[in-house]
Amino acid sequence: PNPSRGRTVIQLQEGKPSSMSNKTDSSVKMVVAGAAAAIAAGSVSQAFVASPAPRAAPIQAEALLQSRSGPSSRGSNFGAAALTVGAVAAVGGRGLLLQRRATAVKKGVRVVEGKEIPWNLFSPKAPYQGSCISKETITSKTPLVNWETCHVIMDHGGKVPYIEGQSIGIIAPGPDKKGETPAKIRLYSIASSAPGDDETSKTVSLVVKRVLEVSGKGWCEYSNVPKGKDPEFPDAEKVYRGVCSSHVCDLNAGDDVMITGPTGAEMLLPEDPEANMIFMATGTGIAPFRSHLRYLFHDKATKGKFKGVAWMFLGVPYSESLLYDEEWKEMQAEFPDQFRYDYAISGEEKSEKNKINGEMWVQHKMMQYTDDLWKLVKDPKTHVYMCGLKGMESGFAECFQERVEAEGMDFSQEFLKKMKKDKRYHVEVY
């Protein structure tokens, strides 16, 4: 759980396409038949790649997204809208640590906890061609070579509906480190709520850290820059620049972006408006929580409907690495009894609890508030979310194991097992 290390993106592994049911009710058979005929003719996938021209079904999906009025409607009514678009979709892989059960019922839709949500409307072989609206570097330079993190807003024209907690894939032109063009898909957690930052339901935002590794300045296993040719580090033996993260962080307004998805069901918000949330993030693992928090405390359609408590912990290496600090301040000022956030700045703060290197990591910051947090964790309405580096789960155990055992329970076999059974434990790590 050291926030100063780790990649910001996740590579999907090769996998067989998921099986999807072809059963539809009589009201949509003609739509599916028409889409199937277009696929058979080989025209649909090419049209989606070559042109973002409007289509009836995506417009309907956009309308459905805009009509959402609150927590009870999240994730519903996507089925009919997704059928035509989803007819060209194929699920191409898996890679995130996803634990929540999601059942495929028809193309472009999955049922999760009894709700239909959009699912892989666009595949790696038939991505949606969106465009970059804006890109902003939201961190300042630090002693680390990989200090740069960008907030990128992309236009999907209402054709790629998603809900809070999902991810999309980005296909960079390449070549990747294996020489493949285009590069392998990379999956990113979405950092905007479903309506997008502009609340038009036509945009999606990502927070992406530029992957940069330089020998002699930290970890560097591979090199994809000829020796002596890197403009920033010409004397380095090896320099590796992340293919997809560089592609995203180098985008300019108007540039094309190839998008797949959406996908993911592990990080969805609970339906209960009185639920509580504890968010644990390192670096760009903040993405799904920004999506959640804007839904809970910012967006016009949903703001004020949440009745629970949300407490976020973010770990970063330096103060210059803090993400969306002004947004959290505004939310806390408006909702002081419902939203709280705390930072663990590992390169600037120390903790005696850390027996490895004495730095302040997320779990050590949480240990400063163990009494209050333990009351929340025990509440059956509280959900715990983690996103970021893989060691975060052991950090959660480190924080609460003593409290669990003091109440006569085994942490793994009883306490954690029950949290998972109750679907209150959500983990997406890399």
Side-chain angles (χ1 to χ4, degrees), residues 1-2 6 10 13 18 71 74-75 94-104 110-115 117 163-167 189 263-282 285 288-289 292 308-315 344 353-356 361-430:
N2 184 346
I10 306 163
Q13 301 298 315
S18 300
R74 283 178 43 252
R94 48 178 190 256
L96 285 174
L97 181 61
L98 301 178
Q99 297 172 347
R100 182 175 291 193
R101 199 169 187 178
T103 306
R110 278 203 176 188
V111 173
V112 180
E113 309 298 331
K115 298 288 185 180
I117 66 172
I163 63 173
E164 293 81 8
Q166 288 195 293
S167 302
S189 296
T263 189
E266 177 63 18
M267 303 298 281
L268 305 186
L269 282 169
E271 293 292 329
D272 184 0
E274 296 183 351
N276 305 309
M277 274 79 78
I278 297 173
F279 299 135
M280 301 168 59
T282 55
F289 307 142
H292 293 161
V309 172
W311 195 342
M312 181 182 70
F313 292 86
L314 170 62
K353 299 286 187 181
N354 187 340
K355 305 304 181 184
I356 298 176
W361 295 347
V362 168
Q363 67 265 34
H364 307 123
K365 178 62 69 170
M366 293 175 66
M367 287 177 186
Q368 296 178 357
Y369 311 101
T370 308
D371 290 344
D372 292 338
L373 287 170
W374 180 235
K375 291 176 185 177
L376 274 178
V377 170
K378 289 197 299 180
D379 187 333
K381 287 182 174 288
T382 298
H383 291 245
V384 175
Y385 293 81
M386 303 175 213
C387 188
L389 301 181
K390 195 172 183 179
M392 296 186 73
E393 285 192 271
S394 62
F396 179 75
E398 185 181 346
C399 190
F400 296 108
Q401 188 160 351
E402 285 187 12
R403 293 299 183 104
V404 171
E405 293 174 351
E407 297 195 10
M409 292 180 286
D410 178 86
F411 183 84
S412 298
Q413 297 303 314
E414 295 179 72
F415 176 73
L416 195 57
K417 190 174 183 179
K418 188 174 190 311
M419 281 198 73
K420 292 178 180 179
K421 183 180 179 181
D422 294 341
K423 299 175 182 177
R424 299 196 297 120
Y425 188 77
H426 312 265
V427 179
E428 190 170 280
V429 293
Y430 42 88

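Interatomic distance, CZ of R424 versus CE of M277, reported as 13.0 Å (0.5 Å rounding). Here Q166 contributes atom CD and T263 contributes atom OG1; the two are 7.0 Å apart, rounded to the nearest 0.5 Å. Interatomic distance, CD1 of I163 versus CG of L269, reported as 8.5 Å (0.5 Å rounding). Between atom SG of residue C399 and atom CE of residue M366 there is a gap of 4.5 Å, rounded to the nearest 0.5 Å. In this structure, CD on Q363 lies 11.0 Å from OG1 on T370, to the nearest 0.5 angstrom.
Evaluation of the side chain to side chain donor-acceptor pair (under 3.5 Å) rule for R403 yields D371 as partners, not counting sequence neighbours. Every residue two or more places apart in sequence or in another chain that forms a side chain to side chain contact (heavy atoms under 4.5 Å, CB included) with V404 is listed here: W374, M409, F411, F415. Not a single side chain to side chain donor-acceptor pair (under 3.5 Å) links K375 to another residue, sequence neighbours left out. Residues satisfying the salt bridge (charged side-chain N to carboxylate O under 4.0 Å, His left out) criterion with K353, sequence neighbours excluded, are absent altogether. Taking Q368 as the reference, M360, K365 meet the side chain to side chain contact (heavy atoms under 4.5 Å, CB included) condition, with sequence neighbours excluded. Take F313 and apply the ring pair (Phe, Tyr, Trp, His ring centres under 6.0 Å) test, not counting sequence neighbours, and it matches W311. With sequence neighbours left out, the side chain to side chain donor-acceptor pair (under 3.5 Å) criterion links K378 to E407. In terms of the side chain to side chain donor-acceptor pair (under 3.5 Å) criterion, residue partners of K381 (sequence neighbours excluded) are, by chain and number, D272.
For K423 and E113, the salt-bridge test passes: some basic side-chain N is under 4.0 Å from an acidic carboxylate O.
At a threshold of 4.5 Å between non-hydrogen side-chain atoms, the residues V429 and L389 do not count as touching. Residues T282 and M392 form a side-chain contact, since some pair of their non-hydrogen atoms from C-beta on lies under 4.5 Å apart. Contact check for M267 versus E164: no side-chain heavy atoms found under the 4.5 Å cut-off. Contact check for N354 versus W361: side-chain heavy atoms found under the 4.5 Å cut-off.
Remark: the backbone N or O of D410 is paired with a side-chain donor or acceptor of E414 at under 3.5 angstrom. The closest donor-acceptor contact from the side chain of N276 to the backbone of G308 lies at 3.5 Å or more, if one exists at all. Between the T382 side chain and the V377 main chain, no donor and acceptor come within less than 3.5 Å of each other.
Using bins of under 30°, 30° to 60° and over 60° for the plane-to-plane angle, the ring pair H292/F279 lands in the tilted bin.
In summary, the side chains of E393 and Y425 do present a donor paired with an acceptor at a separation below 3.5 Å, with no hydrogens or angles considered.
L268 approaches Y385 most closely through the heavy-atom pair O-OH, 2.8 Å. When all heavy atoms of S189 and S167 are compared, the pair lying nearest together is CA-OG, 3.5 Å. Summarising the geometry of V384 relative to M419, their closest heavy-atom pair is CG2-CE, 3.8 Å, with the distance given to 0.1 Å. Closest non-hydrogen pair, F400 versus L373, comes out as CZ-CB, 3.8 Å.
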Q: Carefully, step by step, assess H383 and H426 under the rule side-chain contact (heavy atoms from CB on, under 4.5 Å).
A: CA-CA 8 Å; H383 291 245; H426 312 265; 2.9 Å; yes
**Q.** Residue pair K390, Y430: steps toward the side-chain contact (heavy atoms from CB on, under 4.5 Å) verdict
**A.** CA-CA 5 Å; K390 195 172 183 179; Y430 42 88; over 6 Å; no
